[in-house]
Amino acid sequence: MSKLLSPGDAARPTLERWLTGPRIAGLPMPEAGSAPPKLSFEFFPPRTEALETQLWTCIHRLELLRPRFVSVTYGAGGTTQARTHATVARLVQETALTPAAHLTCVGATRDEVDAVARQYWDAGVRHIVALRGDAPPGTAYAPHPGGYAYAADLVAGLKRVADFEISVAAYPETHPTALSPQDDLDTLKRKLDAGATRAITNFFFDTAVYLRFLDRCLAAGISAPIVPGIMPVTNVAGLRKMSTLSGVAVPDWLYRMFDGLDEDLETRRMVAAVVAAEQVRLLQVNGVDEFHFYTLNRADLTFAIAHILGVRPA
Ligand SMILES: Cc1cc2nc3c(=O)[nH]c(=O)nc-3n(C[C@H](O)[C@H](O)[C@H](O)COP(=O)(O)OP(=O)(O)OC[C@H]3O[C@@H](n4cnc5c(N)ncnc54)[C@H](O)[C@@H]3O)c2cc1C
């Protein structure tokens, strides 16, 4: 600590020194009165009654932050089709939120996918997050005969069903099966050219990776918003497994942050808030003003980080 003090500091009162000295949060704050960033939140459909209660407590708390939309995931291979639909329908009926339903095309015919999309439209849902989905673990992806082969085909098909707003997935660290980073950009461009208006990124921890990805998107002629997906991480053990599958690099410093905290969830949650807050502030000072939060159906971390970004409850 004494190393940080300049020679004159010792003579100054402690409070003044503290107020004017170096700070952890040294990033410039947005100007007073500037518009808060636009937020969206992702939930997953609950499996049990207890998880349903947890989800709706989370939704009601985050609703106060007036997100642009909230999205509900679709279990691998469409396994949560009914639960995703029930959650989205309840969002339409019971809240003022704008829901976005995730929909995958893996393992289904075009008719089946179109029927699900039509049900959403009839239930008042106007926004779909269109995804290819993954093959069952241990098997390689192969398009369903008679199905939409890839997400770009799904986007075009959804547009034929109805005039949905469509978001798609983007991968700052490149999708694990893409032939090359350029091939992945071409895939993203095809999805946007087919009618999607926004991409939401996979989570990432190295902010520079995302910013470089934005640069590459611009150079490839992609002008649609590429909204960063933010995941406040409390469980690095789970993350290690997930990152291997998803190709997301987990920096060593992140593992070190959680070192020795396996049995201490409370401290892990505090550390998670600090890490995610720093990430979003760094993005904010680099001009990013839209964020998508992977909430994992818990409000507290997302609420705190949104607050740090300048978002206040209505
Ligand atoms: C924001 C976000 C939300 C997600 N939500 C869900 C969810 O709710 N449910 C779920 O199951 N999964 C979800 N996923 C995961 C997603 O389904 C997987 O990452 C999947 O492997 C790829 O989906 P995609 O839509 O990006 O695929 P695509 O954009 O179709 O591309 C994926 C890969 O397919 C290949 N490919 C694409 N087009 C072609 C072509 N024309 N010819 C040959 N090969 C091609 C390439 O290898 C490409 O990298 C989500 C991912 C993100 C980032």
Side-chain angles (χ1 to χ4, degrees), residues 39-46 69-85 87-88 99-108 113 116-117 120 125 127-144 147-158 166-204 209-210 213 217 220 222 224-231 242-248 290-297:
L39 304 184
S40 52
F41 304 133
E42 182 180 298
F43 307 118
F44 60 86
F69 64 89
V70 295
S71 75
V72 182
T73 61
Y74 202 63
T79 44
T80 65
Q81 188 176 315
R83 280 186 277 132
T84 300
H85 191 278
T87 305
V88 171
H102 291 218
L103 183 55
T104 63
C105 58
V106 60
V113 172
V116 175
Y120 278 126
V125 178
H127 186 167
I128 301 275
V129 182
L131 304 141
R132 187 197 74 178
D134 288 308
T139 58
Y141 177 81
H144 186 286
Y148 294 112
Y150 296 101
D153 310 297
L154 173 62
V155 172
L158 289 171
I166 300 179
S167 299
V168 290
Y171 304 87
E173 291 170 85
T174 305
H175 187 272
T177 67
L179 299 175
S180 65
Q182 184 56 46
D183 174 66
D184 214 27
L185 275 187
D186 294 344
T187 299
L188 175 58
K189 192 158 185 331
R190 274 198 301 277
K191 296 191 273 194
L192 293 163
D193 290 347
T197 49
R198 147 192 326 98
I200 301 169
T201 77
N202 203 0
F203 60 91
F204 57 90
V209 165
Y210 168 80
F213 178 64
C217 286
I222 293 172
I226 311 288
V227 183
I230 305 295
M231 184 154 79
M242 200 170 12
S243 77
T244 317
L245 294 173
S246 62
V248 174
E290 302 181 50
F291 298 88
H292 183 78
F293 284 89
Y294 296 107
T295 68
L296 305 182
N297 292 6

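It should be emphasised that the depicted structure is a prediction, and the values quoted were computed from it without experimental measurement. Read the numbers this way: they start at 1 and go in the same order the structure lists the ligands and their atoms.
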Taking [X] for the side chain and [Y] for the main chain, is one N or O donor matched with an acceptor at less than 3.5 Å?
| X | Y | value |
| --- | --- | --- |
| T80 | R83 | no |
| K191 | A169 | yes |
| T104 | L131 | no |
| T201 | A170 | no |

Roughly how far, to the nearest 0.5 Å, is [atom2] of [Y] from [atom1] of [X]?
| X | Y | atom1 | atom2 | value |
| --- | --- | --- | --- | --- |
| L185 | H175 | CG | NE2 | 14.0 Å |
| L188 | D193 | CG | CG | 9.5 Å |
| D153 | R132 | CG | CZ | 11.5 Å |
| I200 | F291 | CD1 | CZ | 14.0 Å |
| T177 | D184 | OG1 | CG | 8.0 Å |
| H144 | C105 | NE2 | SG | 11.0 Å |

Examine [X] against ligand 1 and note whether any of their N/O atoms are separated by less than 3.5 Å.
| X | result |
| --- | --- |
| D183 | no |
| G133 | yes |
| T201 | no |
| T177 | yes |

Mode of [X] contact toward ligand 1 - side chain, backbone, both, neither (heavy atoms, under 4.0 Å):
| X | result |
| --- | --- |
| D184 | side chain |
| H175 | side chain |
| H292 | neither |
| Y294 | side chain |

Shortest protein heavy-atom distance from [atom], along with the residue and atom involved:
| atom | answer |
| --- | --- |
| atom 41 (N) of ligand 1 | R190 NH2, 3.5 Å |
| atom 50 (C) of ligand 1 | L131 CD2, 3.5 Å |
| atom 30 (O) of ligand 1 | A151 N, 2.9 Å |
| atom 31 (O) of ligand 1 | T187 CG2, 3.7 Å |
| atom 27 (O) of ligand 1 | R132 CB, 3.2 Å |
| atom 7 (C) of ligand 1 | Y74 O, 3.4 Å |
| atom 37 (C) of ligand 1 | Y150 CD2, 3.4 Å |
| atom 26 (O) of ligand 1 | Y171 OH, 2.7 Å |

Compute the minimum heavy-atom distance from Y141 to ligand 1 and say whether it is under 4.0 Å.
no
**Message:** Below 4.0 Å from ligand 1: does a non-hydrogen atom of Y148 turn up there or not?
**Reply:** no
Using a 4.0 Å cutoff against the non-hydrogen atoms of [X], which atoms of ligand 1 qualify?
| X | answer |
| --- | --- |
| A178 | 47 (O), 49 (O) |
| T104 | 9 (N), 10 (C), 11 (O) |
| I200 | 1 (C) |
| N202 | 53 (C) |
| T73 | 8 (O) |

- Item | Intermediate values then yes/no, side-chain contact (heavy atoms from CB on, under 4.5 Å), L158 and Y120 | CA-CA 11 Å; L158 289 171; Y120 278 126; over 6 Å; no
Strictly by modelled atom types, are S40 and H292 linked by a side-chain donor-acceptor pair under 3.5 Å?
-> yes
Restricting to heavy atoms, the pick from L103, T174, D134 nearest atom 20 (C) of ligand 1 would be D134
ask   = What orientation do Y150 and Y141 show, parallel under 30°, tilted 30 to 60°, or perpendicular over 60°?
value = tilted
* Asked: Can you tell if the side chain of V116 reaches within under 4.5 Å of the side chain of Y74, non-hydrogen atoms only?
  -> yes
